[in-house]
2 protein chains.
Amino acid sequence: MTKHRALSEEALRLVAQRFAVLAEPMRLRLIQALFDGEKNVSQLVALTAGTQANISRHLQTLTAAHILGRRKEGLQVYYSVSDPTIPKLCEVVCGAIEKQLARQAKHFESQG
Amino acid sequence: MTKHRALSEEALRLVAQRFAVLAEPMRLRLIQALFDGEKNVSQLVALTAGTQANISRHLQTLTAAHILGRRKEGLQVYYSVSDPTIPKLCEVVCGAIEKQLARQAKHFESQG
DNA sequence: CAACCATATGAGTGTATGCTCATATTTAGT
DNA sequence: ACTAAATATGAGCATACACTCATATGGTTG
């Protein structure tokens, strides 16, 4: 059982860095597009309506963070979500945001 | 049951924004310091060895994101973790990083 | 090898934001 | 009211990084 000891400075940096990788809408869109299986760059470019250069850079960032895996097949490169904690992570955050939006909606109701 | 439908552009922005708030070592340090109960600004400044101005700004960011709660008592302002999903979130990320570091350590072992 | 795909990357630009200094604001005590 | 303490904030600077354009790289086919 790993109990909550104080994280070292270096550990905090790593955790922050991981959150930073997930702090871009385009990267989240890519991750989301890959939830139902691997896709190559062209497919992702089409799905996300981004430029090829930009998508390629984001894929590199996600791969360097060990969030995506890379598989080369001929001319194409296929990416897939390789970190099993990512779905859970997104789920938790989405839940928190839904609750927050619901709360705000309630305020609008009662305060006009 | 909320099944994984594609998130809207706006939802992605919100999720990314939430991750961004957690993507700063100093803010993580503050959150960590608050895991064992509320503390006022002076206490947090002492614990984190940051400047008062900087800590105050980070606390504002975290409060605006509904991650921390604020309670005023006389001259002091007490902050506490108000979002129950935060511990789980940090736990998941820490776990992922531990695994990643373990994998890297193994590579060092076998490749010398 | 030449031409052509799919993907990656160097360079430059604009924007966002973390940090600091100085000062403002709020509240308590005399 | 005056002073002092705790916290917040305006302004400026430096850095990080997302985006784009043009071009490079790697791999396939004729």
Side-chain angles (χ1 to χ4, degrees), chain A residues 9-10 12-34 37-82, chain B residues 9-10 12-34 38-80 82:
Chain A
E9 204 58 21
E10 183 61 14
L12 283 177
R13 248 186 19 84
L14 287 174
V15 174
Q17 197 173 289
R18 189 166 188 84
F19 278 126
V21 172
L22 297 170
E24 278 302 312
M26 180 57 92
R27 286 200 282 267
L28 293 177
R29 222 183 310 172
L30 289 168
I31 289 172
Q32 192 181 231
L34 291 173
E38 66 173 13
K39 292 182 177 54
N40 64 38
V41 180
S42 301
Q43 292 176 308
L44 290 170
V45 168
L47 280 172
T48 61
T51 66
Q52 184 269 320
N54 196 26
I55 299 302
S56 185
R57 279 184 200 293
H58 282 308
L59 290 171
Q60 181 182 337
T61 300
L62 287 164
T63 305
H66 300 279
I67 289 172
L68 299 187
R70 227 181 92 104
R71 183 175 70 83
K72 239 177 148 170
E73 182 176 324
L75 283 178
Q76 283 90 305
V77 177
Y78 286 84
Y79 288 88
S80 57
V81 178
S82 67
Chain B
E9 205 57 22
E10 183 61 13
L12 283 177
R13 249 186 18 83
L14 287 174
V15 175
Q17 197 174 289
R18 188 165 189 83
F19 278 125
V21 172
L22 297 170
E24 278 301 313
M26 181 57 93
R27 286 201 282 268
L28 293 176
R29 223 183 310 173
L30 288 169
I31 289 173
Q32 192 181 232
L34 291 173
E38 67 173 13
K39 292 183 177 52
N40 64 38
V41 180
S42 301
Q43 292 175 308
L44 291 169
V45 168
L47 280 172
T48 61
T51 66
Q52 185 269 319
N54 197 26
I55 298 302
S56 185
R57 281 186 197 292
H58 283 307
L59 289 171
Q60 181 183 336
T61 300
L62 287 163
T63 306
H66 300 278
I67 289 172
L68 299 187
R70 225 182 91 103
R71 184 176 70 82
K72 239 177 148 169
E73 181 176 324
L75 281 178
Q76 283 91 306
V77 177
Y78 286 85
Y79 288 88
S80 56
S82 67

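Values below: every heavy atom of this structure, side chains too, minus hydrogens, waters and symmetry copies. Just so you know, these numbers come straight off a predicted model, no measurement behind them. Residue numbers begin at 1 in each chain, while the letters A, B, ... track the order of the sequences.
Interatomic distance, B/L68 CG to B/Y79 OH, rounded to the nearest 0.5 Å: 8.0 Å. Here the CG atom belonging to B/L14 is positioned 11.0 Å from the CD atom belonging to B/E9, to the nearest 0.5 angstrom.
Of the side-chain N and O atoms in B/K72, one or more sit less than 4.0 angstrom from OP1 or OP2 of C/dT27.
In this entry the distance linking NE2 of A/H58 with P of D/dC17 reads 12 Å, nearest Å. We find that CG of B/L62 is positioned 10 Å from P of C/dG18, with the value rounded to whole Å. To the nearest angstrom, P of C/dG18 lies 16 Å from CZ of A/R13. Distance CD (B/Q17) to P (C/dA16): 12 Å, rounded to an integer number of Å. At whole-Å resolution of the value, CZ in A/R71 and P in C/dA6 are 17 Å apart.
A salt bridge (charged side-chain N to carboxylate O under 4.0 Å, His left out) check over residues 14-24 of chain B, counting only residues at least two apart or in different chains, returns the pairs B/R18-B/D83.
In this structure B/T61 satisfies the side chain to side chain contact (heavy atoms under 4.5 Å, CB included) test together with B/V21, B/R27, sequence neighbours excluded. By the side-chain hydrogen bond (donor to acceptor under 3.5 Å, both in side chains) test, B/R57 pairs with no residue at all, sequence neighbours left out. The salt bridge (charged side-chain N to carboxylate O under 4.0 Å, His left out) search around A/R13 returns A/E10, not counting sequence neighbours. Shown here are the side chain to side chain contact (heavy atoms under 4.5 Å, CB included) partners of B/T51, two or more places apart in sequence or in another chain: B/A53, B/N54. In terms of the side-chain hydrogen bond (donor to acceptor under 3.5 Å, both in side chains) criterion, residue partners of A/R71 (sequence neighbours excluded) are, by chain and number, A/E38, A/E73.
In this structure, the helix from C/dC1-D/dG30 to C/dT30-D/dA1 shows an angle of 20° between the axis at its start and the axis at its end, each fitted on 5 base pairs and rounded to 10°.
Distance alone, capped at 3.5 Å, is enough to place a donor-acceptor pair between the A/T63 side chain and the A/L59 backbone.
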Expected list for residues 39-48 of chain A: side-chain donor-acceptor pairs under 3.5 angstrom, two or more places apart:
{"residue": "A/K39", "atom": "NZ", "partner": "A/A33", "partner atom": "O", "Å": "3.0"}
{"residue": "A/K39", "atom": "NZ", "partner": "A/D36", "partner atom": "OD1", "Å": "3.2"}
{"residue": "A/K39", "atom": "NZ", "partner": "A/G37", "partner atom": "O", "Å": "3.4"}
{"residue": "A/N40", "atom": "OD1", "partner": "A/S42", "partner atom": "N", "Å": "3.2"}
{"residue": "A/N40", "atom": "OD1", "partner": "A/Q43", "partner atom": "N", "Å": "2.9"}
{"residue": "A/Q43", "atom": "OE1", "partner": "A/N40", "partner atom": "N", "Å": "2.8"}
{"residue": "A/T48", "atom": "OG1", "partner": "A/L44", "partner atom": "O", "Å": "2.8"}

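Near DNA chain D, meaning a heavy atom under 4.0 Å away, the residues from residues 19-30 of chain A are A/E24, A/R27.
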Checklist outcome for this item: Letter by letter from the 5' end, nucleotides 5-12 of chain D scores (B base, S sugar-phosphate only, - none; protein heavy atoms under 4.0 Å) BSBBBBB-
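Just one of A/L22, A/L34, A/L30 meets the side-chain contact (heavy atoms from CB on, under 4.5 Å) condition when paired with A/I67; it is A/L22.
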